[in-house]
Amino acid sequence: MAPVSHLQTDVSLRPFNTMGIAARARLLLPICTLDELHAIRADTALNSLPRLVLGGGSNLLFTGDFDGLVLHMRGAGIAIVGETSDAVLVRAAAGESWHGLVSWTLAHGLGGLENLSLIPGSVGASPIQNIGAYGSELKDCFHQLTAFDFETGELLHLDRAACEFGYRDSVFKHRLRDRAVILDVTFAMPRRWQPNLRYAELAQEVAARGWTAPGAADISDAVIAIRQRKLPDPALLGNAGSFFKNPVVPAAQRDALLARHPGLVSYPQGDGSVKLAAGWLIDQCGWKGRAMGAAGVYEKQALVLVNRGGASGAEMVALAEAIQRDVEDRFGVRLEPEPVFV
Ligand SMILES: Cc1cc2nc3c(=O)[nH]c(=O)nc-3n(C[C@H](O)[C@H](O)[C@H](O)COP(=O)(O)OP(=O)(O)OC[C@H]3O[C@@H](n4cnc5c(N)ncnc54)[C@H](O)[C@@H]3O)c2cc1C
C-alpha cells in the first residue's frame, strides 16, 4: 500500500479556489494514484475525517475553514484508448485541466468538445455537474468514467446512463455524493463531426467572421472570444462563473410571467418545460454591478458574483441570499446556486 506521504497541514485554500476566498484546510493531500486512495481508506484516522475532493476549485464556495481532509486531484495523462465504428475514444485523467483536454483533442483533429472551450477546472469535475455551454453539454461526447468508491473500496465503471446526467446535474450530486472520486473520464469523439451552432450568439459570432464552413478549431476560437468578452478572468477578479442555475419551470408558469414581464428571457426545452435566464431575472431586480461589502455582482453579467477583494465566504452567501429573496419576491422563482458550498 502506498504511504500517505505529502500530507500537508493547515493549508491556505486561497490559491485553490477561483473565488479567491481565504479559507484554510486542516489537511491536504495531492492524489495522483489509486493506491493513495486505498491507503487513505485503510487509515482509520484519515478515513474518519470529513473529505473534500478538489479539482480546480472553480465551482466551489468556501463558507468557512474546512476541518477535514482535502484530496487534490492531480492525476495526469491523455490518450486515445480505442475506436468504435463511429467514434474515437479519448481518456483523460481527473487532474488534467478541462481546457487542456479540449485543446488536445483539437490538436489531434478530433471535434466534439469545442463548444465547451475555456471552461475552467479539471476533467475529473466535468461530469459532476455535466458542464455545459453554448448549446453543448459534457454528456454529448461522454463515453464512460472510472471512479473510486470510498464506501466499498471498489472501482466503479459508469457509462452515460449510469451517470444520470441532467441540467448541471448527475448521480454524483445525489446517490454517489461524498462517496465517488472520479479518476478518469473517456470521451467518444464523433468521426462524422458536425458543427453545433444552435446557440444563437455563437452562430452570430461565426457568421460575423465570415466562416461558412467552420471547423472544430474555428468554433473553439469563436467560443473563446465570446467568453473572454463576457466573463471575468478569475486571475483578475475572483468568481465561480454562473453563480445560479437557470431555473426550469413549466410552460404555464412562463406564460403567466410573460404576461406580467413582456421582456422575460426564456428558452423552451425539449420536454415542454422552459428555462428562464437567471441573469435577466437578477438584472431586473437591479443587482447588476451592485455590491454588499466586498461581494459584488459583475457589471457585465448579473449571473456572475465576484469577490471584489478580500470577501469572505459568509459575505458571498449573504449577497447570494439577498438576490434569491429579491428574485423570489418579484418573480415567484427560487434561484438555486450552481457552485458547491463547502
Ligand atoms: C470563469 C468561469 C466560467 C465558468 N463557466 C462554466 C460554464 O460555461 N459551464 C459550466 O458548466 N461551468 C462553468 N464554470 C464552473 C466550473 O468551471 C465547472 O463546474 C468545472 O467543471 C469545475 O471544475 P473544478 O475542477 O474546478 O471543480 P471543483 O470546483 O474543484 O469541484 C467542484 C465539485 O466537484 C467535485 N469534484 C472535483 N473533482 C472531483 C473528482 N475527481 N471526483 C469527484 N468529485 C470531484 C468537488 O468535490 C466539488 O463538489 C465556470 C467557472 C468559472 C470560474
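Counting starts at 1 for both ligands and their atoms, in listed order.
A side-chain donor-acceptor contact under 3.5 Å links D218 to the backbone of G215. Between the side chain of Q284 and the main chain of L281, no donor-acceptor pair closer than 3.5 Å is present. Side-chain N or O atoms of E137 include none that pairs as donor or acceptor with a backbone N or O of A133 at under 3.5 Å. Checked by atom type and distance alone, the side chain of H99 pairs as donor or acceptor with a backbone atom of L118 at under 3.5 Å. Between the D149 side chain and the L155 main chain, no donor and acceptor come within less than 3.5 Å of each other.
An N or O contact shorter than 3.5 Å is missing between P234 and ligand 1 by distance. Residue I182 has at least one N or O atom closer than 3.5 Å to an N or O atom of ligand 1. Ligand 1 has no N or O atom lying under 3.5 Å from any N or O atom of N239, backbone or side chain. When only interatomic distances are considered, the shortest N/O to N/O separation between P120 and ligand 1 falls below 3.5 Å. Of the polar atoms of G55, at least one N or O is found under 3.5 Å from an N or O of ligand 1, judged by distance alone. Between A133 and ligand 1, not a single N/O pair is under 3.5 Å apart. The distance criterion of under 3.5 Å between nitrogen or oxygen atoms is not met by G241 with respect to ligand 1. For ligand 1, one of its N or O atoms has an N or O atom of S58 under 3.5 Å away. When only interatomic distances are considered, the shortest N/O to N/O separation between R227 and ligand 1 falls below 3.5 Å.
Using modelled atom types and a 3.5 Å distance limit, the side chains of S117 and S220 yield a donor-acceptor pair. T33 and D35 form no side-chain donor-acceptor contact under 3.5 Å, judged by distance and modelled atom types alone. Residues Q144 and D159 bring no donor and acceptor atom of their side chains to less than 3.5 Å of each other. Of the N and O atoms on the side chains of N130 and S170, not one donor lies less than 3.5 Å from an acceptor on the other residue.
Annotation: atom 19 (O) of ligand 1 to nearest protein heavy atom, Q129 NE2, 2.9 Å. What sits closest to atom 14 (N) of ligand 1 on the protein, heavy atoms only, is I119 CG2, 4.2 Å. For atom 49 (O) of ligand 1, the nearest protein heavy atom (residue, atom name, distance) is V340 CG2, 3.5 Å. Among all non-hydrogen protein atoms, the one lying nearest atom 44 (N) of ligand 1 is I128 CD1, 3.3 Å. The protein heavy atom nearest to atom 37 (C) of ligand 1 is A125 CB, 3.5 Å.
With a 4.0 Å cut-off on non-hydrogen atoms, L60 touches ligand 1 through its backbone as well as its side chain. Using a 4.0 Å cut-off between heavy atoms, S242 makes no contact with ligand 1 at all. Under 4.0 angstrom from ligand 1, the non-hydrogen atoms of I131 come from both its backbone and its side chain.
Ligand 1 is approached by R168 to a heavy-atom distance shorter than 4.0 Å.
Checking V181, L176, N130, V53 against atom 45 (C) of ligand 1, the nearest heavy atom belongs to V53. When the heavy atoms of A235, G56, G132 are ranked by distance to atom 9 (N) of ligand 1, first place goes to G132. Closest heavy-atom approach to atom 32 (C) of ligand 1 among the candidates I31, N59, V342: N59.
Between W98 and F187, the distance from one ring center to the other falls under 6.0 angstrom.
Against a heavy-atom cut-off of under 4.0 Å, M73 is close to the following atoms of ligand 1: 41 (N). Atom numbering of ligand 1 starts at 1 in the shown order; those under 4.0 Å from a heavy atom of T18 are 53 (C). Of all the atoms in ligand 1, the ones that sit under 4.0 Å from a non-hydrogen atom of G57 are 24 (P), 26 (O), 28 (P), 29 (O), 30 (O). Set against the non-hydrogen atoms of G121, the atoms of ligand 1 under 4.0 Å away are 23 (O), 24 (P), 25 (O), 26 (O). Atom numbering of ligand 1 starts at 1 in the shown order; those under 4.0 Å from a heavy atom of A180 are 43 (C).
You'll find the side chain of F244 stays beyond 4.5 Å of the side chain of E338, heavy atoms only.
For the salt bridge (charged side-chain N to carboxylate O under 4.0 Å, His left out) condition, no pair includes a residue of residues 316-327, sequence neighbours left out.
Comment: E83 engages R191 in a salt bridge, judged by a side-chain N to carboxylate O separation of less than 4.0 angstrom. Classification of R229 and E205 as a salt-bridged pair holds, one side-chain N sitting under 4.0 Å from a carboxylate O.
Every salt bridge (Lys or Arg N to Asp or Glu O under 4.0 Å) that R24 has, sequence neighbours left out, goes to D10.
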